[in-house]
Amino acid sequence: MPVQIGAKAHSFSDPTGLLSDCHRRIEMFLGALQNIAKVIDCPLTSEARAALESALRYFRESAPKHTADEEESLFPRLRRLQDPEIEGALATLDALEGDHRKAEALHAEVDALGIQCLDHESLPVKNADRFRRAVSDLASIYAEHIRVEDEVVFPAAKRRLSSPQQSAIANEMASRRNLSS
Ligand SMILES: [Fe+2]
Ligand SMILES: [Fe+2]
């Protein structure tokens with residue numbers, strides 16, 4: 001039975017498959033934030049409250065590991081290849097790292113406002129607007145960011161990184177989560 005990160009199907013023999021699985025979880029929890037944003041100026045139901053807590057926890061604790069998988073394990077190995085055949089993918093890496101910084105700042109704002117909502121049952125209108133804007137900005141960033149990674153960067157990595165390089169990435173991903181592959 002292959003070791004898995006979260007609930008999806010890719011194994012540690014396919015680290016970019018695991019990274020795409022993480023994208024599906026990012027999309028799912030982002031969708032939860034978008035739903036909560038619609039009602040965040042009203043007292044939350046217990047279901048909405050639980051969904052907000054789960055989404056905030058995911059983006060606080062798990063999503064940073066995904067960013068580290070890319071910035072510390074995947075991107076440096078791709079850059080070292082200096083492979084003209086994946087020029088298109090290499091050209092996107094700086095911008096993708098810039099997106100990570102923008103998303104981190106927006107997540108910090110969403111986290112602070114989300115905690116305020118959980119403490120006070122809802123947000124005042126001004127802060128509800130800030131929450132909505134931050135979630136909407138995250139959705140815009142992630143849509144293109146995830147498309148470029150899933151369709152350009154990960155296929156290039158799968159094609160051009162050797163099996164030992166892919167295993168090394170998988171081992172680093174496992175150790176970030178205290179798993180052994
Ligand atoms: Fe990324
Ligand atoms: Fe990603």
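Scope of the values below: all heavy atoms of this structure, side chains included, with no hydrogens, waters or symmetry mates. In each ligand, atom 1 is the first atom listed, and ligand 1 is the first ligand listed.
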Angle, OE1 of Glu70 through the Fe ion (ligand 1) to NE2 of His145 - 10° precision: 170°
At a threshold of 2.8 Å, where the distance has to be below it, does the Fe ion (ligand 2) have an N, O or S atom of Cys22 nearby? no
Polar contact flag, side-chain donor to acceptor under 3.5 angstrom, Ser20-Asp150: yes
Heavy-atom check, side chain of Thr92 versus side chain of Glu149, under 4.5 Å: no
Value rounded to 0.5 Å, distance of CZ in Arg49 from CD in Glu121: 7.0 Å
Single-linkage hydrophobic cluster, 4.5 Å side-chain cutoff, Met173 and Ile146 together: no
Here the vertex angle at the Fe ion (ligand 1) for OE2 of Glu149 and NE2 of His100, given to 10°, is 130°
Looking at the Fe ion (ligand 2), which N/O/S atom of His66 is the nearest one? NE2
